[in-house]
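Keep in mind the model is a prediction, meaning the values are calculated, not measured.
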Number of protein chains: 2
Amino acid sequence: MAAPRRTQQERSASTRARLVDAAFACLLDGGYAATTLGAVQQRAGVARGTLLHHFPTRTALMLGVLDDIAGRRLAVLAAAPSGSAGPADWDALVDLVWDDLRSPAFSAALELWVAARTDAELRAALVPVQERLFGTVHRSVTALVGDADPRVPTLVQFSIDLLTGSRLAGLLEERAGTPAIVERWRRALPLLAAAPDLL
Amino acid sequence: MAAPRRTQQERSASTRARLVDAAFACLLDGGYAATTLGAVQQRAGVARGTLLHHFPTRTALMLGVLDDIAGRRLAVLAAAPSGSAGPADWDALVDLVWDDLRSPAFSAALELWVAARTDAELRAALVPVQERLFGTVHRSVTALVGDADPRVPTLVQFSIDLLTGSRLAGLLEERAGTPAIVERWRRALPLLAAAPDLL
DNA sequence: TACAAAACAGTCCGATCGGACGGTATGTCG
DNA sequence: CGACATACCGTCCGATCGGACTGTTTTGTA
């Protein structure tokens with residue numbers, strides 16, 4: 001063993017991380033239903049009892065994954081360059097959102113999301129996270145573009161929703177036209193930003 | 001019994017329909033995982049053997065539901081008024097898509113969709129249906145708007161994707177700002193349609 | 001009216017699920 | 001160093017899953 005001495009906190013955190021990572025991986029390539037205690041346990045190289053020690057129920061494990069995903073997405077946003085005070089950088093906005101949507105985290109989050117629709121406990125935990133995430137995304141992305149214009153929030157929401165829908169349509173199989181759509185939306189954004197009579 | 005005489009085909013079709021409806025309902029309020037043979041059987045008021053007689057496997061049952069959903073959505077599109085040759089009716093486009101997205105069929109389809117990401121057999125059956133559906137939606141909706149302008153397909157795709165993303169965000173809990181976003185997109189569409197330099 | 005086929009019914013089975021539990025090793029602190 | 005807490009481990013259990021199976025009723029045909 002290369003780790004001769006580790007504090008309890010280190011041991012615990014390390015195992016927890018391994019479990020969350022394993023669950024995330026299971027979620028990604030097997031979906032919510034296939035993310036069973038056995039599969040996660042095996043993937044993490046950990047005994048059954050260990051898993052249930054850190055996460056007393058399956059839902060608790062899912063919430064752990066959720067926190068992890070949310071944390072990572074928030075970290076990405078925090079690392080994004082905040083408003084350069086220059087002209088609204090719509091390209092950067094599209095890049096930021098689009099990259100996020102194409103990350104594995106989105107697929108895993110989608111699994112949890114859809115599962116939460118019919119699982120009260122999961123939904124109860126997911127809704128606040130979602131709101132916090134939406135709020136932060138919106139704030140972070142608005143900072144990228146500037147908020148002098150009252151139309152900015154609307155255009156940001158347009159972009160998020162449009163790209164999300166686009167990503168969802170390409171979930172099963174890459175849609176041929178998607179890159180073109182994203183590219184055209186890039187060009188459409190400044191037009192709308194300049195349009196005088198858009199509320 | 002009010003049905004004194006029914007041909008085999010009628011009986012069979014009726015039971016099949018009951019099974020599909022029951023599976024659809026299960027999918028809707030329990031999700032994919034909770035749509036078990038037992039639940040469907042019980043909901044349809046049918047014995048186990050009957051279910052497996054009509055649908056030899058669970059996946060076959062899901063494919064039955066898929067066909068049903070696809071058929072209904074296609075029927076709605078077929079019933080939509082085709083191009084009145086008047087000026088592009090963007091409002092009708094938004095209505096058509098938005099109504100479809102808010103129907104229960106969308107939630108059920110989403111369950112199948114997400115499940116298909118990690119289920120090869122389901123995906124193999126879903127991808128062609130999806131393409132046919134997308135194509136028909138696009139064609140039907142384009143007919144509603146007219147295709148004189150080469151920018152129309154892009155704007156149609158923009159609308160579908162944007163509304164889809166908006167709907168997804170409101171899946172767990174109605175997002176407060178969603179109606180406003182839809183309303184603003186209604187106003188944005190003609191602006192983009194009139195913009196000269198949008199490819 | 002006799003009979004084959006198809007719809008329908010109910011029971012059974014191996015596999016697997018989430019989770020409970022008691023026991024062991026490993027850090028932590030008086 | 002000894003008592004304690006916490007991380008880790010492996011086995012067991014009731015419930016439930018998908019689906020195989022055999023028998024019964026209903027229907028169309030000869």
Would you kindly give the [atom1]-to-[atom2] distance between [X] and [N], to the nearest whole Å?
| X | N | atom1 | atom2 | answer |
| --- | --- | --- | --- | --- |
| L52(A) | dG23(C) | CG | C1' | 16 Å |
| L37(B) | dT11(C) | CG | P | 17 Å |
| E121(A) | dG18(C) | CD | C1' | 13 Å |
| Q41(B) | dC12(C) | CD | C1' | 14 Å |
| F55(A) | dC8(D) | CZ | C1' | 15 Å |
| L19(B) | dA7(C) | CG | P | 12 Å |
| Q42(B) | dG10(C) | CD | C1' | 14 Å |
| R58(A) | dT16(D) | CZ | C1' | 14 Å |

Side chain of R48(A) - closest among dC8(C), dT11(D), dG18(D): dT11(D)
Selection from dA7(D), dC8(C), dG19(C) that lies nearest to any side-chain heavy atom of T57(A): dG19(C)
Side-chain N or O of [X] less than 4.0 angstrom from OP1 or OP2 on [N]?
| X | N | result |
| --- | --- | --- |
| T15(A) | dA7(D) | no |
| H53(B) | dC8(C) | no |
| T36(A) | dT16(C) | no |
| H54(A) | dT6(D) | no |
| T50(A) | dA7(D) | no |

5' priority, DNA chain C, between A33(A) and G49(A) [closest heavy atom]: A33(A)
Check: L63(A) and L126(A) side chains under 4.5 Å, non-hydrogen atoms: no
Derivation and outcome, side-chain hydrogen bond (donor to acceptor under 3.5 Å, both in side chains), residues R73(B) and T136(B): CA-CA 10 Å; R73(B) 293 177 79 174; T136(B) 305; over 6 Å; no
Partner residues of D68(B) under the side chain to side chain donor-acceptor pair (under 3.5 Å) criterion, sequence neighbours left out: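 Here the qualifying residues are R72(B).
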Contacts of type side chain to side chain donor-acceptor pair (under 3.5 Å), residue D21(A), not counting sequence neighbours: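 None.
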Polar side-chain atom of Q130(A) near backbone of A169(B) as donor-acceptor pair, under 3.5 Å: yes
Angle of first-five versus last-five pair axes in the helix from dT1(C)-dA30(D) to dG30(C)-dC1(D), to 10 degrees: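 The angle, to the nearest 10 degrees, is 10°.
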Salt-bridge present (E111(A), R117(B); N to O < 4.0 Å):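 The answer is yes: the pair qualifies as a salt bridge.
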Geometric class of the W185(A)/F158(B) ring pair [parallel <30°, tilted 30-60°, perpendicular >60°]: perpendicular
